[in-house]
2 protein chains.
Amino acid sequence: MPEPVAKFAVTVDLVILTVQRDVLHVLTVTRAVPPFEGRAALPGGFVHPDEPLPAAATRELSDETGLPHDAGHLEQLATYGEPGRDPRGRVITVAYLALLADPPQPAGSADWTATGPLLADPAALAFDHHRILSDGVERARAKLEYSSLAAQFCPPEFTIAQLRRIYETVWGTRLDPRNFHRKVTGTPGFVVATDHHTSSDRGRPARLYRRGPATSLHPPLLRR
Amino acid sequence: MPEPVAKFAVTVDLVILTVQRDVLHVLTVTRAVPPFEGRAALPGGFVHPDEPLPAAATRELSDETGLPHDAGHLEQLATYGEPGRDPRGRVITVAYLALLADPPQPAGSADWTATGPLLADPAALAFDHHRILSDGVERARAKLEYSSLAAQFCPPEFTIAQLRRIYETVWGTRLDPRNFHRKVTGTPGFVVATDHHTSSDRGRPARLYRRGPATSLHPPLLRR
DNA sequence: GAAATAGTGTCTTTGAGACAATATGGG
DNA sequence: CCCATATTGTCTCAAAGACACTATTTC
């Protein structure tokens with residue numbers, strides 16, 4: 001006796017993070033219709049019938065940012081399916097985490113929002129998006145420790161100080177510039193030196209680096 | 001113009017790991033019907049209409065093992081939804097990872113299978129379960145480094161040597177018993193000493209410990 | 001030259017790894 | 001006693017953190 005198989009609406013929601021002016025920002029959209037009309041929410045949308053989940057995430061990402069499909073870093077975060085998380089009915093959402101370097105100003109009702117106030121107020125975002133954002137930010141924080149992901153927040157060429165400010169912004173800590181420099185340049189494959197330098201606004205010009213081939217950091221760069 | 005919302009069958013699949021006789025095992029079921037009839041698969045089942053995802057995972061876990069709902073460790077692993085991963089149609093599965101200490105022999109067609117051969121042969125398991133198992137084992141391996149999860153593979157009271165063999169089994173490495181002992185007993189909250197001892201089969205009797213309150217390890221216990 | 005930032009060198013401390021030495025049970 | 005395993009101690013090395021010092025730019 002085969003029991004009837006329940007079917008569910010499935011969406012993809014995106015936590016798209018970037019660092020702007022030394023503040024961690026997330027892309028939000030303002031909801032134009034109930035429920036949560038006028039409230040900020042994470043961008044997302046329904047998965048198409050024959051669409052792979054990563055394809056849906058990539059599609060939403062470029063729709064919302066206007067960036068090409070291969071821009072930045074994208075990984076699956078987690079899946080949220082509490083009955084009642086959407087007042088309209090049962091919706092299961094697969095959340096993805098994206099990290100971008102200096103993306104363009106988005107079109108439509110989308111905008112970059114500082115994560116600080118959103119994390120402090122559990123009701124600032126619609127649905128259970130506060131929880132999803134919290135999980136996304138925590139994942140990003142944790143991965144900076146043992147992966148080279150921080151460089152995904154930087155443009156193709158960047159200084160060690162820029163990379164350090166990424167860590168300081170995401171972690172909310174201070175790092176010793178000198179020890180950080182030694183650690184980063186001493187980890188094989190993390191960054192690759194170019195022969196370009198910044199035209200310094202103040203102080204000695206800094207060498208520019210590119211992302212190296214390494215994906216994981218051994219030993220890790222631990223938070224205090 | 002609201003586009004029609006596609007609906008999907010959603011299942012929960014389980015990677016249930018345990019260590020038996022110094023070998024990492026996973027719970028598998030033998031499929032009784034096509035597709036993949038007679039092939040081993042991870043246990044799982046459809047999510048009920050108003051059932052939270054963790055509830056579905058817990059339900060499947062106790063159905064398959066006969067264990068109470070609060071036994072062992074259970075966490076969400078990842079979600080797999082490739083069109084075509086199930087030949088019968090589009091099915092999205094939310095995979096969970098469970099870690100158990102000396103569970104009972106399961107009933108029905110379920111059985112404990114050594115992970116080694118399953119990981120070596122991508123076609124040993126039905127569907128995309130090879131990928132799911134690989135991800136689950138890799139998650140467990142990684143989490144042993146920076147969490148106290150290894151103790152979840154141990155009975156309520158265990159020796160440091162038992163705990164060490166968990167690490168050696170899951171990682172496939174050798175660890176120095178003396179350095180491991182210092183590290184584990186020196187990490188606050190990882191293990192708590194009891195005043196019980198083993199009745200030694202050979203050698204000096206070992207003190208028995210319980211799981212401590214700590215959940216994360218700082219600094220981590222890194223693989224070589 | 002003064003100020004600012006980049007980058008190097010050095011010392012101290014912490015913790016991992018190697019391994020000797022000691023403790024305590026069973027034959 | 002001998003053997004095996006548990007547990008402690010000691011030494012060495014690698015890497016993190018503190019911080020003096022040098023380098024190179026703008027003003």
Side-chain angles (χ1 to χ4, degrees), chain A residues 22 144-146 148 150 154 157-169 171 173-210 212 214 216-224, chain B residues 22 144-146 148 150 154 157-169 171 173-210 212 214 216-224:
Chain A
D22 293 345
L144 290 207
E145 289 195 336
Y146 57 89
S148 59
C154 294
E157 298 203 335
F158 53 89
T159 68
I160 300 299
Q162 273 178 280
L163 183 62
R164 174 168 49 82
R165 265 174 238 121
I166 298 293
Y167 275 92
E168 294 177 335
T169 298
W171 283 352
T173 59
R174 286 279 139 190
L175 295 173
D176 185 286
R178 301 158 290 185
N179 293 336
F180 183 84
H181 192 285
R182 256 193 307 110
K183 170 72 180 178
V184 165
T185 55
T187 299
F190 190 0
V191 296
V192 178
T194 70
D195 47 7
H196 304 156
H197 289 74
T198 53
S199 48
S200 69
D201 15 56
R202 275 197 323 274
R204 170 175 168 179
R207 180 182 289 275
L208 287 165
Y209 292 79
R210 298 178 168 280
S216 64
L217 263 38
H218 276 304
L221 181 50
L222 296 174
R223 282 177 273 191
R224 291 307 337 283
Chain B
D22 293 345
L144 291 206
E145 290 195 336
Y146 57 90
S148 60
C154 294
E157 297 203 336
F158 52 89
T159 68
I160 300 300
Q162 273 179 279
L163 184 61
R164 174 169 47 83
R165 275 186 283 274
I166 297 293
Y167 275 92
E168 294 178 334
T169 298
W171 283 353
T173 58
R174 285 281 141 190
L175 297 173
D176 185 285
R178 299 156 294 183
N179 294 335
F180 183 83
H181 192 285
R182 255 192 309 109
K183 171 73 181 177
V184 165
T185 56
T187 300
F190 191 0
V191 296
V192 177
T194 71
D195 46 7
H196 304 157
H197 289 77
T198 51
S199 49
S200 70
D201 15 58
R202 275 198 324 271
R204 170 177 168 177
R207 180 181 289 276
L208 286 165
Y209 292 79
R210 298 178 168 281
S216 65
L217 264 39
H218 276 303
L221 181 50
L222 297 173
R223 284 177 272 191
R224 298 303 337 283

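Labels below follow one simple rule: chain letters A, B, ... track the order of the sequence lines, proteins then strands, and each chain is numbered from 1. This is a predicted model, so every value here is computed, not measured.
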Is the shortest heavy-atom distance from the side chain of [X] to the side chain of [Y] under 4.5 Å?
X: A:Thr173; Y: A:Arg223; value: no
X: B:Leu221; Y: B:Tyr167; value: yes
X: B:Glu145; Y: B:Trp171; value: yes

Can you tell which of C:dA16, D:dT8, C:dG7 lies closest to the side chain of A:Ala206?
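Between C:dA16, D:dT8, C:dG7, the one nearest the side chain of A:Ala206 would be C:dG7.
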Would you mind telling me which of D:dC19, D:dT7, C:dG17 lies closest to the side-chain atoms of A:Asp176?
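Out of D:dC19, D:dT7, C:dG17, the nucleotide with an atom closest to A:Asp176's side chain is D:dC19.
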Atom [atom1] of [X] and atom [atom2] of [N]: how far apart are they, to the nearest Å?
X: A:Lys183; N: C:dA6; atom1: NZ; atom2: C1'; value: 20 Å
X: A:Arg174; N: D:dG17; atom1: CZ; atom2: C1'; value: 17 Å
X: B:Leu222; N: D:dA15; atom1: CG; atom2: C1'; value: 12 Å
X: A:Leu163; N: C:dG7; atom1: CG; atom2: C1'; value: 15 Å
X: B:Arg223; N: C:dG17; atom1: CZ; atom2: P; value: 14 Å
X: A:Gln162; N: C:dG7; atom1: CD; atom2: C1'; value: 16 Å
X: A:Leu208; N: C:dA6; atom1: CG; atom2: P; value: 11 Å
X: A:His181; N: C:dT5; atom1: NE2; atom2: P; value: 15 Å

Base, sugar-phosphate, or nothing for A:Arg178, non-hydrogen atoms under 4.0 angstrom?
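If one applies the 4.0 Å heavy-atom cut-off, A:Arg178 turns out to touch a base.
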Assign A:Pro177 to base, sugar-phosphate, or nothing according to its heavy-atom contacts below 4.0 angstrom with the strands shown.
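If one applies the 4.0 Å heavy-atom cut-off, A:Pro177 turns out to touch nothing in the nucleic acid.
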Please evaluate residues A:Arg165 and A:Glu168 with respect to the criterion side-chain contact (heavy atoms from CB on, under 4.5 Å), reporting the C-alpha separation (whole Å), side-chain torsions for both, the decisive distance (0.1 Å), and the verdict.
CA-CA 5 Å; A:Arg165 265 174 238 121; A:Glu168 294 177 335; 3.8 Å; yes
Distance below 4.0 Å between A:Arg204 side-chain N/O and D:dA23 OP1 or OP2:
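Answer no for this pair, as no side-chain N or O of A:Arg204 is under 4.0 Å from OP1 or OP2.
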Under-4.0 Å side-chain N/O to phosphate OP1/OP2 contact, A:Arg202 with D:dT26
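No, outside the criterion.
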Under 3.5 Å, is there an N or O donor on one side and an acceptor on the other linking the side chain of A:Asn179 and the base of D:dA18?
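Between D:dA18 and A:Asn179, which were checked side chain against base, a qualifying N/O pair under 3.5 Å is present.
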Can you say whether the rings of B:His181 and B:Tyr209 are parallel (under 30°), tilted (30 to 60°) or perpendicular (over 60°)?
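Judged by the thresholds at 30° and 60°, the geometry between B:His181 and B:Tyr209 is perpendicular.
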Position toward the 5' end of DNA chain D (nearest nucleotide), B:Arg165 or B:Arg182
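Its nucleotide being nearer the 5' end, the pick is B:Arg165.
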